[in-house]
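No hydrogens, no waters, no symmetry mates; every other heavy atom, side chains included, goes into these values.
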Amino acid sequence: MRELFDDELKKLHGRFVEMGLNISEQIYSSTKAFMEHDKKLAQEVIDADNETNGEEMRLEKQALSLIALQQPVATDFRVIISILKASSDLERIGDHAVSIARETIRVKGNPRIPKVEKEIAKMTDQVRDMLEKALDAYSKSDADAAKTLTNKDVAVDEQYLLIRDAITKAVEENTETALASSSYFMVIRLLERIGDHIVNLAEWIVYSAAGQIVELNPGKANPELVNKLYSEEIVKEKDKAPNKKGNQ
């Protein structure tokens, strides 16, 4: 009986990781579509959302079946509950990727700001790196690695603020970019929210691996740091910082 349970739990783990990897691809595809003004790719991301929702439902059904039929011990129960909770955050990340794809369709054909799009691409890479590290920490049951994602989320928030400042300056210089800029604001806000959901994932990974209920949200875990981050001074300091490559 125990061997059967372990086998089913292993399948559940595999399904969760597969769902996470698929959603990472959604983030990549939706932002790629946005940067390249690719309406066709954006529609593919939107159309694929039903499959993501289906993945979550199948995972949830499998998890609940394990609880109901196999009567897991406390440690196993904790792991299953963590997967259920974390899969909900993955599904929300997928929803945000779809929203980015919808912005691609809405903004197509309007004047763009290449400098801002380059920074959005960087922010996308940061978010995908966060998600991949979260999935790796999950696969290894590495609570310590999960906890380090707080610092990466701060970096994502910092990038969000810098892009926001760049968008504002660009609109002041050329009002024709105003419509595209509204989409830029939406996209970076969605990417920032994705980072928040990944932090939620990290909290469930810690709970699953170590049985600890932790608060990893930077705003709650270290409010002083985040208050500094969200002050206008950090944006000014970044603008004044010398280019290290240029000074070498």
Side-chain angles (χ1 to χ4, degrees), residues 6-32 45 48 51-53 55-56 58-60 62-63 66 72 75-98 100 120-160 190-222:
D6 289 342
D7 184 55
E8 290 300 313
L9 186 58
K10 183 177 181 180
K11 290 178 182 177
L12 187 64
H13 283 308
R15 177 163 280 173
F16 177 81
V17 172
E18 183 179 1
M19 181 180 177
L21 292 173
N22 288 341
I23 286 174
S24 178
E25 280 301 308
Q26 277 188 281
I27 297 169
Y28 170 75
S29 295
S30 62
T31 50
K32 182 175 187 289
V45 173
E51 178 58 28
T52 299
N53 294 336
E55 284 182 16
E56 186 196 14
R58 289 189 292 272
L59 189 149
E60 181 178 301
Q62 184 180 357
L66 270 177
T75 302
D76 296 326
F77 185 78
R78 186 180 76 218
V79 170
I80 295 170
I81 290 298
S82 298
I83 292 173
L84 279 170
K85 293 291 188 177
S87 66
S88 178
D89 278 299
L90 282 181
E91 193 272 335
R92 290 296 298 137
I93 291 171
D95 287 345
H96 291 327
V98 168
I100 292 172
I120 291 176
K122 178 181 176 181
M123 188 175 181
T124 301
D125 289 342
Q126 289 176 309
V127 167
R128 290 191 71 209
D129 180 62
M130 273 186 75
L131 181 54
E132 289 167 10
K133 282 184 166 52
L135 294 173
D136 185 60
Y138 170 81
S139 298
K140 297 175 180 177
S141 294
D142 190 339
D144 290 335
K147 290 176 182 178
T148 66
L149 290 171
T150 295
N151 295 330
K152 292 188 176 296
D153 189 47
V154 170
V156 168
D157 289 345
E158 183 176 326
Q159 181 70 1
Y160 165 78
L190 290 166
L191 288 172
E192 190 272 335
R193 287 178 179 174
I194 288 174
D196 290 342
H197 281 290
I198 296 171
V199 171
N200 290 345
L201 284 178
E203 292 175 356
W204 289 114
I205 292 167
V206 173
Y207 177 66
S208 175
Q212 300 173 340
I213 298 177
V214 296
E215 177 57 77
L216 298 180
N217 185 303
K220 296 177 181 177
N222 194 338

Determine yes or no for a side-chain-to-main-chain donor-acceptor pair under 3.5 angstrom, with S208 supplying the side chain and W204 the backbone. no
Sub-3.5 Å donor-acceptor pair from the side chain of E203 to the main-chain atoms of L216, do we have one? yes
Considering only heavy atoms from C-beta outward, does the side chain of V127 approach that of L131 to under 4.5 Å? no
Is V156 close to L191 at the side-chain level, that is, under 4.5 Å between some pair of heavy atoms? no
For residues L9 and I80, determine if any side-chain heavy atom of one lies less than 4.5 Å from a side-chain heavy atom of the other. yes
One thing to verify: whether R92 and D95 come together as a salt bridge, which I'm taking to mean a side-chain N less than 4.0 angstrom from a carboxylate O. yes
Is the shortest side-chain heavy-atom distance between Y138 and L201 below 4.5 Å? no
Sequence neighbours excluded, which residues qualify as salt bridge (Lys or Arg N to Asp or Glu O under 4.0 Å) partners of D144? none
Within the 4.5 Å heavy-atom criterion, are S87 and E60 side-chain neighbours or not? no
Is it true that a side-chain atom of S29 and a backbone atom of Q26 form a donor plus acceptor pair closer than 3.5 Å? no
Among E18, E51, E91, the one residue meeting salt bridge (charged side-chain N to carboxylate O under 4.0 Å, His left out) with R58: E51
If you define the side chain from C-beta out and look only at heavy atoms, does anything of I100 sit under 4.5 Å from T31? yes
Salt-bridge test for D129 and K133: reply yes if a basic N is under 4.0 Å from a carboxylate O, no otherwise. yes
Please evaluate residues H13 and I83 with respect to the criterion side-chain contact (heavy atoms from CB on, under 4.5 Å), reporting the C-alpha separation (whole Å), side-chain torsions for both, the decisive distance (0.1 Å), and the verdict. CA-CA 8 Å; H13 283 308; I83 292 173; 3.8 Å; yes
Does this structure show an ion pair linking K11 with E8, if we count only N-O contacts that are shorter than 4.0 Å? yes
Tell me if the NZ atom of K147 is crowded by more than 12 foreign heavy atoms within 6.0 Å. yes
Under a 4.5 Å cut-off applied to non-hydrogen side-chain atoms, are H96 and I27 in contact? no
Checking E192 against Q159 for the side-chain contact (heavy atoms from CB on, under 4.5 Å) test, could you report, in this order, the C-alpha distance in whole Å, the side-chain angles of both residues, the deciding distance, and whether it holds? CA-CA 9 Å; E192 190 272 335; Q159 181 70 1; over 6 Å; no
Residues R15, E56: salt bridge by 4.0 Å N-O rule: no
